[in-house]
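Reviewing the structure listed below.
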Protein chains: 2
Amino acid sequence: MDGPRFEPVRAVRAYERVVEQVEEAIEGGTLSPGQRLPSERELMVQFSVSRSTVREALRVLQARGLVRSRPGDPNGAEVLPFSPAALHKSMTTLARVEELSLAELVQFRMVLDSSAILLAARLRTDAQLADMESAVAGMRAAVEAGHDAFGEADVAFHDVVARSSGNKLIQICMDVVRSIVLKLIAEKIADAPDREALMRQSIRHHEEVLAAMRAGDGPLAARLSRKAMYDYYAGYVPAAERSSLRALLD
Amino acid sequence: MDGPRFEPVRAVRAYERVVEQVEEAIEGGTLSPGQRLPSERELMVQFSVSRSTVREALRVLQARGLVRSRPGDPNGAEVLPFSPAALHKSMTTLARVEELSLAELVQFRMVLDSSAILLAARLRTDAQLADMESAVAGMRAAVEAGHDAFGEADVAFHDVVARSSGNKLIQICMDVVRSIVLKLIAEKIADAPDREALMRQSIRHHEEVLAAMRAGDGPLAARLSRKAMYDYYAGYVPAAERSSLRALLD
DNA sequence: TGCAGCCTACTGGTCCGACCAGTGCACTAG
DNA sequence: CTAGTGCACTGGTCGGACCAGTAGGCTGCA
């Protein structure tokens with residue numbers, strides 16, 4: 001026997017215990033979205049801490065996207081429904097701190113997008129397929145309307161696909177990573193010399209993927225989507241890292 | 001013309017502007033990990049706000065994993081290197097709020113793991129392959145040593161694979177999702193009646209995957225890994241959702 | 001009776017000043 | 001030269017104060 005092994009009691013600050021309790025109440029369902037927390041002055045009585053402490057705790061909870069408070073609101077802070085905002089934030093930070101290269105982000109998109117397509121090809125409903133059709137139609141219509149509209153239609157297509165995959169985690173991550181990638185290369189895309197040709201090629205690619213999905217051939221659709229994304233983004237990735245992207249092509 | 005469209009100026013709180021400035025300094029590289037922020041009393045002079053405001057800002061930055069402060073430290077808060085802790089936290093919340101089912105998490109792991117294996121099969125170095133071999137050897141040795149040791153060896157294997165994929169984002173997401181899944185079913189696994197048989201089957205699966213990677217057959221290795229993970233986890237997933245997992249098998 | 005407008009009692013946001021328990025460093029006493 | 005002791009800081013917490021908002025009840029007019 002080593003004798004009783006005592007853990008070092010790391011000092012736990014007061015506001016942390018407040019955060020903990022509220023967090024458990026929310027995650028445990030005692031507090032559900034839409035409900036209100038007591039006012040700060042009431043909380044400071046219940047927890048018997050000062051208002052500063054209560055407020056620091058609320059700031060943390062707010063940063064985690066769990067609650068929101070509005071000045072002047074006669075009720076206390078509002079418990080929010082979950083939103084991937086916090087996830088989005090931390091992933092964006094990860095990318096911004098330059099820890100992530102564009103190649104890694106694009107590669108991740110290739111993985112997620114093709115997986116979503118594979119799943120959607122097998123699990124989609126007819127209504128969802130129709131939504132995809134109309135999204136591609138929207139892309140066609142947007143060629144003339146300028147680059148912004150085209151981008152939006154493109155995003156709409158991938159959104160439908162992500163929803164059709166039936167996996168919310170894939171959907172959220174795709175959304176997050178896509179917006180990061182688009183922000184990173186927004187100006188480069190706008191300056192592309194042959195924008196219209198790129199758009200038409202992109203539409204052709206989407207039509208091919210869609211056809212494969214309609215036919216129920218998931219693996220083909222997935223393969224086509226990886227190829228399409230490679231063709232679209234490879235130019236923006238430093239040549240040295242392109243081979244790691246090609247490793248995902250068959 | 002609609003006339004000039006004015007955006008509603010949503011009230012931006014003082015502490016938010018403090019957060020913003022510090023965040024930009026960190027993400028822009030002006031402040032790099034290991035460096036110290038000025039003390040709270042110094043910050044309140046620089047930003048000309050009260051200490052409460054400074055502290056609320058610091059709480060937010062701390063919640064985002066960007067800084068850490070220690071009581072009594074003669075220097076100010078420390079700028080932290082990026083860690084996926086915040087990512088982990090938000091994804092865990094997402095899972096706890098019951099927004100994410102076990103099936104979705106396992107499915108996501110199947111996608112990420114098989115993609116990492118596909119990439120690793122093509123991009124791995126010989127040293128990394130050797131690490132994988134020894135990880136599997138560790139799994140064999142751990143069968144007798146009990147379930148915890150086996151789990152650790154298993155994790156070690158997948159960690160090497162993730163590193164070998166060359167994609168930090170895949171690596172981080174795998175780590176986060178894996179730990180969430182393992183926590184969700186930890187007790188169920190411990191109670192499994194035929195633990196040893198499961199371990200031996202798992203080892204066989206890993207050996208097959210490893211053989212395919214050694215041979216450079218990425219697609220085969222990826223397919224095997226999806227199958228292996230399905231076999232391992234399907235039992236814990238409600239029957240109704242299993243079909244969505246099978247959609248990833250060929 | 002009906003409604004427009006004011007009034008009040010709250011809310012959160014910010015500030016100030018104070019105290020405490022830690023920490024590191026310089027200085028002192030041996 | 002070193003061991004020990006203060007001191008001057010740090011962050012954590014507290015309490016009180018003021019402000020600009022909001023919502024809902026109340027009043028007074030039509």
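By convention in this document, chain letters (A, B, ...) are assigned in the order of the sequence lines, proteins followed by strands, and residues within each chain are numbered from 1. Side-chain atoms are counted along with the backbone in the values below, which use heavy atoms only and exclude waters and symmetry mates.
For residues 36-43 of chain A, proximity to DNA chain C is found at A/Ser39, A/Glu40, A/Arg41, defined as any non-hydrogen atom under 4.0 angstrom from a strand atom.
Between B/Pro74 and A/Pro71, it is A/Pro71 whose nearest contact on DNA chain C lies nearer the 5' terminus. Sequence order on DNA chain D of the closest nucleotides to A/Ser48 and B/Asn75 puts B/Asn75 first from the 5' end. When the nearest nucleotides of DNA chain D are assigned to A/Gly72 and A/Tyr15 by heavy-atom distance, the more 5′-ward of the two goes with A/Tyr15.
Residues A/Glu104 and A/Ser101 bring a donor and an acceptor atom of their side chains to less than 3.5 Å of each other. Side chain to side chain, B/Arg109 and B/Tyr233 meet the donor-acceptor criterion of an N or O pair below 3.5 Å. A donor and an acceptor atom, one from each side chain of A/Ser32 and A/Gln35, are located under 3.5 Å apart. Looking at A/His88 and A/Ser179, their side chains do bring a donor and an acceptor atom within 3.5 Å of each other.
For B/Arg51 against D/dG12, a side-chain N or O and a base N or O form a donor-acceptor pair under 3.5 Å.
Between B/Lys168 and B/Asp175 there is no salt bridge, since no side-chain nitrogen of the basic residue lies less than 4.0 Å from a carboxylate oxygen of the acidic one. In this structure, A/Arg70 does not pair ionically with A/Glu78, as no charged nitrogen and carboxylate oxygen lie closer than 4.0 Å. Taking a cutoff of 4.0 Å between a charged side-chain nitrogen and a carboxylate oxygen, A/Arg36 and A/Asp73 qualify as a salt bridge. A salt bridge is defined here as a Lys NZ or Arg NE, NH1 or NH2 lying under 4.0 Å from an Asp or Glu carboxylate O, and B/Glu24 with A/Arg96 fails to meet this definition.
Going from atom CZ of B/Arg55 over to atom P of D/dT10 covers 13 Å, rounded to whole Å. With rounding to whole Å, A/Asp73 atom CG is found 14 Å from D/dA20 atom C1'. Rounding to whole angstrom units, CD of residue B/Glu78 and P of D/dT10 are separated by 17 Å.
Not one N or O on the side chain of B/Ser48 forms a donor-acceptor pair closer than 3.5 Å with the backbone of B/Met44.
In the 5' to 3' direction, nucleotides of DNA chain C lying under 4.0 Å from heavy atoms of chain A begin and end at C/dT11 to C/dT14.
One finds a side-chain N or O of A/Thr53 lying less than 4.0 angstrom from the OP1 or OP2 phosphate oxygen of D/dC14.
At the heavy-atom level, B/Arg59 lies under 4.0 Å from the strands shown only through sugar-phosphate atoms.
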